[in-house]
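Every chain is numbered from 1 and lettered A, B, ... according to where its sequence line falls, protein lines coming before strand lines. The model shown is predicted, which means the values in this text are computed figures rather than measured ones.
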2 protein chains.
Amino acid sequence: MSRQSDWLKARYAENFANAMPNYAIRQILLHAIEVFSKKGFAAAKIKDIAASAGFSQGYVYTYFKSKEEIFTQIVELAADGAGRAVAFAAELPGSPLDKITWLTEAFLAPDSIAMQHWRLILLQSAGSEGAPESAKRVSAEKMKRPFEHLIPIIVEGQKAGEIIEEDPMMLAITYFSTIQGLGIARIQTVGDLPFPSAEVVLRFMKKSPKGDGERDAHF
Amino acid sequence: MSRQSDWLKARYAENFANAMPNYAIRQILLHAIEVFSKKGFAAAKIKDIAASAGFSQGYVYTYFKSKEEIFTQIVELAADGAGRAVAFAAELPGSPLDKITWLTEAFLAPDSIAMQHWRLILLQSAGSEGAPESAKRVSAEKMKRPFEHLIPIIVEGQKAGEIIEEDPMMLAITYFSTIQGLGIARIQTVGDLPFPSAEVVLRFMKKSPKGDGERDAHF
DNA sequence: GTCTATACGTTGATAGAC
DNA sequence: GTCTATCAACGTATAGAC
């Protein structure tokens, strides 16, 4: 259903395994990502993470000094992952809009790891959770990457006449905000509410929407 | 700068004062909205709320049985507020797109109470915070209102040829997701990053973007 | 390598003083 | 009407057993 999502997952797992040679550490971090991204820093208990990873509560502290340390590491991993996804999109063949479309589909996939990452990064860089300072710093720093990679694509797209000629930074902010909003809606969505395609999501920055099936636009 | 925002604030304050005759209760709830919407349920401490409202920690329990009760009440207030904002927009004069534009500007105002509400409602309906069940129920129930009011506007807009002919529910979900994403970005934004205008935000559902200054669309 | 037991701090909630 | 003192529950982090 989503080759983008699969690619990201494979890439992510690969990078993850390389960076984290120890099995227990991998397990813990992996499940911590899930728990933290769902509950936020304060609500997530070490016991939850440990249980989810299949360990006892105390065992976690064999490898990690504190809850804060786990969270900060995860945020860093997440920020790197999100940055890499955008960087990869930038180097794909095709038009600028094709690249952004790929990226969008990767983000919007139902089980998207990229999305989980994004949620994590933003959950605390916000301070909108009682997140630790260290995590905020790491995130604020690494958050620049996705923008640095996306903005050139946008500029390219503007030159090619595919994207409207507004401030690229503003467009990038709008893009990531939308992605994030949809990601959050995804979690909330219990059932099977209709979700927008990448095509609809990207209309806000697309220059001339002719050819997408509009009828009697000026009857 | 934003008459929409002012209107909402006035309306909200009015309704709030009517519903909450007691000064201390008003103070506590008012500050609880701020603290909860910034930190989330688990990270927000009763002490924070009390201090912010100018009371001692214990005093809060003169009026409220529990932290959960405060949160649930706030979520209810927030959901009502958001619902009313959309309902009001629905009854404005002007084209459907005018109405949605008004609503969008109200949401996106820098100090928007509507936005604060929205964040609150969604923060927990998600379960994406360790929010209490009671709050989730209330929110899931009241969340329907904004959609019920927005969807007819969208349908109207489609009939008028202003809005693309996609599933109105999907468009509504996309709309609110975008609004929410931008609202979150707002908090994070320390400085003065460029933010999209309502016009840009609504392009994704607007039918024919001719007349918004596009040059050489088909050279 | 993994678990159990426990110490210590924090916080939600109560009771009683002023 | 508001605060201080305090209890009980919980969660983080540690120490030591298997």
Side-chain angles (χ1 to χ4, degrees), chain A residues 17 20-75 120 123-124 127-136, chain B residues 17 20-75 120 123-124 127-136:
Chain A
M20 302 288 149
N22 180 302
Y23 173 77
I25 294 182
R26 270 204 313 273
Q27 270 330 78
I28 293 168
L29 286 178
L30 226 42
H31 289 265
I33 290 179
E34 205 184 310
V35 175
F36 276 131
S37 86
K38 272 190 198 147
K39 297 197 177 184
F41 180 75
K45 310 302 173 200
I46 295 289
K47 206 174 83 180
D48 300 337
I49 297 169
S52 171
F55 297 116
S56 71
Q57 189 263 355
Y59 185 55
V60 170
Y61 290 90
T62 312
Y63 298 103
F64 298 93
K65 201 178 93 282
S66 66
K67 182 179 171 182
E68 180 171 334
E69 194 197 3
I70 301 178
F71 189 72
T72 307
Q73 282 200 28
I74 281 180
V75 167
L120 257 177
L123 252 173
Q124 27 56 44
S128 88
E129 239 295 290
E133 279 306 316
S134 53
K136 289 186 201 174
Chain B
M20 300 288 147
N22 180 302
Y23 173 76
I25 294 181
R26 270 205 311 274
Q27 272 327 80
I28 293 169
L29 286 179
L30 227 42
H31 289 265
I33 289 179
E34 204 184 311
V35 176
F36 276 130
S37 87
K38 273 190 198 145
K39 298 196 178 185
F41 180 76
K45 309 302 172 200
I46 294 289
K47 206 175 85 182
D48 300 338
I49 297 169
S52 171
F55 297 116
S56 69
Q57 190 261 359
Y59 186 55
V60 170
Y61 289 91
T62 311
Y63 298 104
F64 297 94
K65 200 178 95 281
S66 66
K67 182 179 171 183
E68 181 171 332
E69 193 198 3
I70 301 178
F71 188 73
T72 307
Q73 281 199 32
I74 282 181
V75 167
L120 257 177
L123 253 173
Q124 27 55 44
S128 90
E129 239 296 288
E133 278 306 316
S134 53
K136 289 187 201 174

Protein-nucleic acid N or O pairs under 3.5 Å, nucleotides 3-7 of chain C:
from, atom 1, to, atom 2, distance (Å)
dC3(C), OP2, Ser56(A), N, 3.0
dC3(C), OP2, Ser56(A), OG, 3.2

Whole-Å gap separating P (dA13(C)) and NZ (Lys45(B)) | 12 Å
Distance, nearest 0.5 Å, that separates NZ of Lys67(A) from NZ of Lys45(A) = 5.0 Å
Over how many whole Å does the gap from Tyr63(B) atom OH to dT14(C) atom P extend?
-> 16 Å
Within this structure, what is the CD1-to-P distance between Ile70(B) and dT11(C), rounded to whole angstrom?
-> 15 Å
Contacts of Tyr61(B) that satisfy side chain to side chain contact (heavy atoms under 4.5 Å, CB included) - sequence neighbours left out | Ile46(B), Gln57(B)
Would you call the rings of Phe36(B) and Phe71(B) parallel, tilted or perpendicular, where under 30° means parallel and over 60° means perpendicular?
-> perpendicular
Check whether the side chains of Ser134(A) and Glu68(A) place a donor and an acceptor atom closer than 3.5 Å, and report yes or no.
-> yes
Once you round it to whole Å, what is the distance between C1' of dG11(D) and NZ of Lys39(A)?
-> 13 Å
Whole-Å distance separating the NZ atom of Lys67(A) from the C1' atom of dC10(D) | 12 Å
Within this structure, what is the CZ-to-C1' distance between Phe71(A) and dT12(D), rounded to whole angstrom?
-> 16 Å
So what does Ala50(A) hit on the nucleic acid, given a heavy-atom distance under 4.0 Å: a base, only sugar-phosphate, or nothing?
-> nothing
Here the distance between atom P of dT14(D) and atom CZ of Phe64(A), to the nearest Å, is 14 Å
Separation of Lys47(B) atom NZ from dT4(D) atom P, in whole Å?
-> 12 Å
Rounded distance [0.5 Å steps], CE in Met20(B) versus OH in Tyr63(B) = 13.5 Å
Looking only at side-chain N and O atoms, does Tyr61(A) come under 4.0 Å of OP1 or OP2 in dT14(D)?
-> no
Work out which heavy atom in Ala50(A) is nearest to a heavy atom in Ser56(A); give both atom names and the distance.
-> CB-O, 3.5 Å
